[in-house]
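Notes follow once the structure below has been shown.
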Amino acid sequence: MSFNVGVIGTGMIGQEHIVRLNQTLPGAKVVAVSDVDQTLAAGVASRYGARLVETGEDLVSSSDVDAVVVASWGPTHEQYVLASIAAGKPVFCEKPLATTADSCRRIIDAEIAFGRRLVQVGFMRQYDVGYMAMKQTIDSGSLGAPLLYHSVHRNPTVPSFYTSDMLINDTAVHDIDISRWLLSDEVSAVTVLKARPNSRGGGADPLLIILEMVGGAIVDIEVSVNVGYGYDIRGEVSGEWGAAELAASNPIVVKTNGETRGRVPGNWPERFTQAFNDEFRAWIAAASTGTAAGPSAWDGYAATVACQAALQANATQTRTSVTMIERPGFYS
Ligand code: NAD
Ligand code: ISE
């Protein structure tokens, strides 16, 4: 049985998700779209045979929409996620869940008051086969206790509107989420170091972000958003008596003429295709039964709180503690 989806935000990833839902995966169909850019949304609506709806709120309350995908800009996520919860509709929200801790708490409070999980956050790395294998290895105990996690997040380039804060709350937010998930831990303090700036970029890029985890492990995150050569994602956990590392994302290495060659993925859609598809498979399965699975509003809150601390640590160039509410039993 197919269920009907409304998509708010028809930009880059909104369109990718529409194709994923309509053409790649079974079980769902996009019937309505909305975007503040009405011209863009009208084009997308006609291309994919969906109805154009003027506002996100009208889309959420449409009787033919069973579940919602929010793929608009981060600061607008809260209003649409809250509207979806108020309507009792499952909602997939792209990262970040919201851009402030208070916004995330309002979402948590609304979901708990509703009484059932409705929110899945788009932390797709949790569905990547490499990260899943690394987590399985850590959880098996075969490395001993995890002591250090090294994360590298390199983007080929970023759009002109990209601010220096976005290195943290748009890019490193993925590394923060995956660190929490891999280590089954929360962040207790953050320090941010600015490297010599890349002359290809417009500001403080790259950054080295150090996370101190509650359990004592340390995470270092390199965020570089103008490396030019491709989309390079790496991760290695170092434990008491073993280490586990993401394998190169290129499945083939070619050796000819005295050279070794391989491919670096072009950008996130190529590197994480499998993860995006699997996160939506999981979403369709849960949402079509009226609930949610995978990364929760709690995960969204925890990542945003750590990002806020990182923004402060970067602005003040001081080690900054992370203060979180206690995890509600609802999310255990
Ligand atoms: P984009 O700029 O291409 O698209 C965003 C769209 O949202 C635009 O068309 C814009 O007009 C629309 N919009 C802005 N305010 C709105 C509002 N109030 N109501 C409705 N629509 C509104 O950006 P994008 O790259 O597609 O990113 C969108 C979201 O997806 C962001 O939260 C971003 O962080 C996330 N994202 C996640 C990944 C990932 O790897 N998981 C990758 C890219 C983007
Ligand atoms: C983008 O929004 C994403 O989420 C990508 O996964 C990330 O690599 C990129 O830095 C962000 O801008």
Side-chain angles (χ1 to χ4, degrees), residues 6-20 32-45 52-60 68-81 83 92-99 103 120-128 131 151-178 201 205-207 221-227 230-234 249 265-280 283 294-295 300 303-304 307:
V7 175
I8 302 173
T10 56
M12 211 166 18
I13 205 163
Q15 291 184 43
E16 292 234 344
H17 290 336
I18 291 171
V19 171
R20 203 179 314 286
V33 298
S34 178
D35 195 297
V36 281
D37 183 339
Q38 290 276 310
T39 313
L40 171 73
V44 171
L52 174 64
V53 182
E54 196 173 332
T55 69
E57 282 81 1
D58 287 345
L59 178 144
V60 170
V68 178
V69 169
V70 177
S72 50
W73 293 327
T76 69
H77 291 179
E78 179 192 0
Q79 70 192 84
Y80 299 131
V81 173
F92 176 94
C93 179
E94 257 311 333
K95 45 62 59 171
L97 173 61
T99 44
S103 301
Q120 178 175 331
V121 183
F123 287 129
M124 78 295 180
R125 288 184 179 195
Q126 293 189 25
Y127 292 93
D128 176 76
Y131 285 114
S151 197
V152 172
H153 193 154
R154 296 189 189 143
N155 288 184
T157 181
V158 282
S160 54
F161 58 77
Y162 210 85
T163 63
S164 52
D165 280 0
M166 289 174 81
L167 270 85
I168 293 172
N169 58 20
D170 191 61
T171 298
V173 64
H174 281 293
D175 304 80
I176 290 170
D177 171 71
I178 207 68
D205 163 38
L207 296 179
I221 305 170
E222 173 194 324
V223 191
S224 301
V225 295
N226 289 286
V227 299
Y231 187 71
D232 197 0
I233 301 296
R234 304 183 199 175
S249 34
N267 215 330
W268 46 267
E270 178 182 348
R271 168 63 181 85
F272 286 113
T273 304
Q274 167 269 318
F276 283 122
N277 286 342
D278 284 346
E279 76 172 345
F280 268 91
W283 183 65
T304 292
C307 281

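Just so you know, residue 1 is the first one in the sequence shown, and it goes up from there. Numbering of ligands and ligand atoms starts at 1, following listing order. This one's a predicted model, so the numbers in the text were calculated from it and none came from an experiment.
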Inset, instruction - Using non-hydrogen atoms of the residue, decide whether S34 is closer than 4.0 angstrom to ligand 1. - result: no

Inset, instruction - Run the contact test for Y80 against ligand 1 with a 4.0 Å cut-off on heavy atoms, strictly below, and give the result. - result: yes

Inset, instruction - Measure the distances from the heavy atoms of E16 to every atom of ligand 1 and state whether one is below 4.0 angstrom. - result: no

Inset, instruction - Using non-hydrogen atoms of the residue, decide whether H77 is closer than 4.0 angstrom to ligand 1. - result: yes

Inset, instruction - Determine, using heavy atoms of F276 and all atoms of ligand 1, whether some pair is separated by less than 4.0 Å. - result: yes

Legend entry - For K95, the option from D170, D177, D175 that meets salt bridge (Lys or Arg N to Asp or Glu O under 4.0 Å): D170

Inset, instruction - Name all residues meeting the salt bridge (charged side-chain N to carboxylate O under 4.0 Å, His left out) criterion together with E270; count only those two or more places apart in sequence or in a different chain, and write none if there are none. - result: R263

Inset, instruction - Return the set of residues passing ring pair (Phe, Tyr, Trp, His ring centres under 6.0 Å) with F123 (not counting sequence neighbours), or none when no residue passes. - result: none

Inset, instruction - Would you mind telling me if ligand 1 is within reach of the side chain of H174, the backbone, both or neither, using heavy atoms under 4.0 Å? - result: side chain

Check ligand 2 for close polar pairs with the protein: N or O on both sides, less than 3.5 Å.
unit_1   : atom_1 : unit_2 : atom_2 : d
ligand 2 : 2 (O)  : K95    : NZ     : 3.0
ligand 2 : 2 (O)  : D170   : OD2    : 3.3
ligand 2 : 4 (O)  : K95    : NZ     : 2.9
ligand 2 : 4 (O)  : H174   : NE2    : 2.8
ligand 2 : 6 (O)  : H174   : NE2    : 3.2
ligand 2 : 6 (O)  : Y231   : OH     : 3.3
ligand 2 : 8 (O)  : H153   : NE2    : 2.6
ligand 2 : 8 (O)  : N155   : ND2    : 3.3
ligand 2 : 8 (O)  : Y231   : OH     : 2.7
ligand 2 : 10 (O) : N155   : OD1    : 2.5
ligand 2 : 10 (O) : T171   : OG1    : 2.7
ligand 2 : 12 (O) : D170   : OD2    : 2.5

Inset, instruction - Check each atom of ligand 1 against the heavy atoms of L40 and keep those under 4.0 Å away; list them by number with element. - result: 9 (O)

Legend entry - Close-contact set for ligand 1 against W268 heavy atoms, below 4.0 Å: 42 (C), 43 (C)

Legend entry - Check: H77 side chain, P96 main-chain N or O, donor-acceptor pair, under 3.5 Å: yes

Inset, instruction - Taking only heavy atoms of M124 into account, list the atoms of ligand 1 that are under 4.0 Å away from them. - result: 40 (O), 41 (N)

Legend entry - Sub-4.0 Å heavy-atom contact, G56 with ligand 1: no

Side-chain atoms of residues 157-168: list all donor-acceptor pairs with protein atoms under 3.5 Å, sequence neighbours left out, distances to 0.1 Å.
unit_1 : atom_1 : unit_2 : atom_2 : d
Y162   : OH     : M166   : O      : 2.9
Y162   : OH     : T171   : OG1    : 2.2
T163   : OG1    : M166   : N      : 3.4

Legend entry - Sub-4.0 Å atoms of ligand 1 with respect to non-hydrogen atoms of M12: 1 (P), 3 (O), 4 (O), 25 (O), 26 (O)

Inset, instruction - Please identify which atoms of ligand 1 are closer than 4.0 Å to at least one heavy atom of D170. - result: 34 (O)

